[in-house]
Asks: 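Handing you this structure, nothing more for now.
Order of appearance sets the numbers: ligands from 1, and atoms from 1 within every ligand.
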Amino acid sequence: MLKEAQPEHLGRQAWEIDDRTKFEKAHTVIFEDSILASQVVAQEIADLIKQKAQAGEPCVLGLATGSTPKKVYAELVRLHREEGLSFANVHTFNLDEYYPMEPIAFQSYVRFMRELLFDHVDIDMERVHIPDGTLPRGEVEGFCQKYEQMILELGGLDLQILGIGRTGHIGFNEPGSHRFSRTRMITLDEITRLDAAKDFMGRSNVPTKAVTMGVETIMNARRVVLMAWGEGKAPIIKRSVEGEISEQIPATFLQDHTNVSFVLDRAAAAELTRIKTPWAVGSVDWRETTTKSVVFSGTGGDPIYFETVDQLTKSAVIWLSQHLQKPILKLTDRDYNDNGMSDLVVDRGSAYDINIRVFNEVQHTITGWPGGKPNADDTYRPERAAPASKKALVFSPLPDDAVVSMGGTLHRLVDQGHDVYVAFQTSGAMGVSDEEALRYAEFVQDLDDALADKLTQEASVYDEVFKSLNSLTPGDPEPLVVRMVKRLIRRSEAKAACRFVGIPSAHEFFLDMPFYETGGVSLNSLGEADINQMVKILTAIKPQQIYAAGDLSDPLGVHRVCLDALIQALSAIRRSGDDWLDDCWIWLYRGAWQEWSVDDIEMAVPLSPEEVIRKRNAIFRHQSQKDTALIPDLSGSEPWRQAEQRNARTAEIYDQLGLAEYEAIEAFKRCCF
Ligand code: F6R
């Protein structure tokens with residue numbers, strides 16, 4: 001156990017560490033959110049640089065790329081600009097680089113590091129080292145040996161920061177990597193290539209090889225900080241921190257490091273025993289409490305939060321029911337006692353009382369009336385009965401999110417007479433393949449008129465698209481004309497789906513938010529123009545219900561940014577004193593990557609077999625995402641199939657808990673603002 005190795009500031013600002021960490025085989029610190037966690041990590045790096053500078057020594061840092069360390073680099077840049085942190089004594093070694101890779105390519109880690117850190121601080125570029133993706137194959141091995149040698153000559157890495165892949169890789173040490181591996185060329189795991197597909201416009205463009213520091217190289221660093229954010233990392237974090245050391249999960253090797261910290265946000269920590277089943281690691285306070293937990297703070301708005309009553313009991317009972325594969329109403333005192341929950345029985349009287357209460361609570365989440373049931377007693381219903389007809393504004397980050405995640409609910413809202421509006425936040429153009437664009441360009445000759453001022457006089461849309469696509473190499477920014485064709489493809493599909501669901505075209509809004517329209521694969525930061533668009537649509541409609549995507553571990557980042565934009569827009573509206581917000585409820589759907597867990601669900605909308613087929617047909621309108629979806633899920637299956645499996649799974653869990661048996665269920669969680 002590494003309790004004694006806790007660095008001061010990681011220990012101090014984090015949640016308390018006590019016996020509850022007994023299942024954790026490495027020092028693990030959990031922060032409310034990744035922004036605070038990144039600041040603390042950046043502060044540790046800054047302190048080390050300063051301490052080394054004072055001693056007149058070089059500071060040797062091992063650096064990572066990917067989405068995880070971005071906020072750390074942003075904070076280091078801030079510390080340099082505002083607090084005079086100097087990088088004059090810093091030497092850096094990056095973990096890895098794709099092979100082959102030109103340093104100027106969009107996906108190159110050289111470019112990444114320059115754009116996020118090196119170009120903004122006073123580091124001597126002679127002291128920056130990144131594996132070279134341009135070398136001829138025969139020279140790679142010699143380069144790797146030299147890389148190791150250079151680290152040694154500087155006295156070794158003082159501090160190595162890491163992210164973690166869903167395979168459990170550190171650097172690009174994929175499953176199967178040897179504990180004593182050194183810097184070398186490796187073959188990327190298929191899951192890693194899938195995760196990288198977003199940066200390369202499709203998995204087939206992702207290199208199959210990379211050059212990476214080895215496990216031994218990382219283990220030799222005097223201090224290692226592994227960071228992980230978001231619910232998508234939660235399962236691999238549990239296995240890395242609590243599981244057995246295994247080559248199959250290279251991050252588990254870190255358990256043997258004498259000065260490592262796993263730094264997590266709450267979502268990434270969700271599967272750890274002390275968080276998921278706290279009663280298994282010590283006594284818990286079962287008293288009924290109302291808890292507010294921040295879901296997402298965004299980058300500039302007031303945080304949104306979940307408010308729950310007696311959540312721990314609900315989670316515990318659902319867990320016990322699933323663990324013992326027994327319906328809730330059949331759980332006995334003995335079941336509670338045998339599973340570390342005797343205190344709960346003492347506190348509440350009997351298993352019977354606990355069961356009935358949680359059963360009813362779960363039962364009350366089920367409703368066929370997502371917009372509220374008119375003239376009904378709504379005391380125990382998820383939505384308010386009045387007004388009978390509500391304005392519901394559905395935000396769809398990418399054009400197909402709304403139907404994939406809540407197609408059945410959309411149908412119901414329309415059928416039950418609510419005024420449903422859909423705002424498609426981004427164009428989704430990145431998700432359309434080049435072949436599809438070409439097919440449409442061939443077919444839709446009359447786009448010529450719409451794009452007349454963007455084209456050279458003689459060339460047709462087809463000529464321009466054909467020419468552009470033929471001269472592109474993977475990763476080049478997309479020419480405007482190709483981008484526009486792709487944008488229109490997705491727009492026409494979204495319109496077709498709205499028509500199918502029964503949403504009038506006057507209720508469709510295509511925001512084409514600028515943060516997404518970079519022409520490349522990376523996203524811009526949210527700007528005023530993005531927020532203004534959101535404010536405009538919200539204040540024009542003044543909805544009583546907002547539906548928005550709550551998938552925060554979105555590999556593309558689009559969902560996260562779209563939610564951030566919503567929060568910032570709502571904050572701006574609140575500041576302006578508009579009070580319609582007081583009557584507006586926000587429901588978060590999930591489904592693009594991960595569904596809500598059953599103890600989180602506050603509104604469960606059941607779908608009949610016919611409704612499932614209807615939803616499938618709505619998803620089919622998004623034809624460009626069928627078969628060729630550039631960013632499929634892990635299983636590689638199509639969006640409609642993933643949606644059906646997810647909705648069927650939720651229904652199955654409700655059934656196993658002893659509730660009614662439905663064909664499928666769409667799930668929502670209410671968040672407060
Ligand atoms: C990056 C690296 C990788 C990433 C990991 C997580 O240099 O070595 O191990 O840290 O794949 O990637 P993100 O942070 O994008 O989730």
Asks: Run the numbers for me: atoms of ligand 1, each under 4.0 Å from some heavy atom of Gly66, listed by number.
Replies: 14 (O), 15 (O)
Asks: For atom 2 (C) of ligand 1, which of the options Thr192, Leu162, Ile170, Asp96 provides the nearest non-hydrogen atom?
Replies: Asp96
Asks: Check each of Glu126, Met125, His120 against Ile123 using the side chain to side chain contact (heavy atoms under 4.5 Å, CB included) test, and report the only one that passes.
Replies: Met125
Asks: Taking distance alone, with no angle check, do Ser67 and ligand 1 share an N/O pair under 3.5 Å?
Replies: yes
Asks: Give me the ring orientation class for Phe180 and His178: parallel if the planes are under 30° apart, tilted from 30 to 60°, perpendicular past 60°.
Replies: tilted
Asks: Are any of the N or O atoms of Gly171 closer than 3.5 Å to those of ligand 1?
Replies: yes
Asks: For Leu95, counting its heavy atoms only, list the atoms of ligand 1 lying under 4.0 Å from any of them.
Replies: 8 (O)
Asks: In this structure, is the centre-to-centre distance between the rings of Phe172 and Tyr98 below 6.0 Å?
Replies: yes
Asks: At the 4.0 Å heavy-atom cut-off, does Lys233 count as touching ligand 1?
Replies: yes
Asks: Quick one, Tyr516 with Asp530, criterion side chain to side chain contact (heavy atoms under 4.5 Å, CB included). Give me CA distance, side-chain angles, the key distance, then yes/no.
Replies: CA-CA 10 Å; Tyr516 183 88; Asp530 297 295; over 6 Å; no
Asks: Is the cationic atom of Arg274 (NZ for Lys, CZ for Arg) positioned less than 6.0 Å from the six-membered ring centroid of Phe23 and within 45 degrees of its normal?
Replies: no
Asks: Do we see a donor-acceptor contact under 3.5 Å between the side chains of Glu216 and Ser181?
Replies: no
Asks: Please work out whether any backbone atom (N, CA, C, O) or any side-chain heavy atom from C-beta onward of Ile164 is under 4.0 Å from ligand 1, and answer side chain, backbone, both or neither.
Replies: backbone
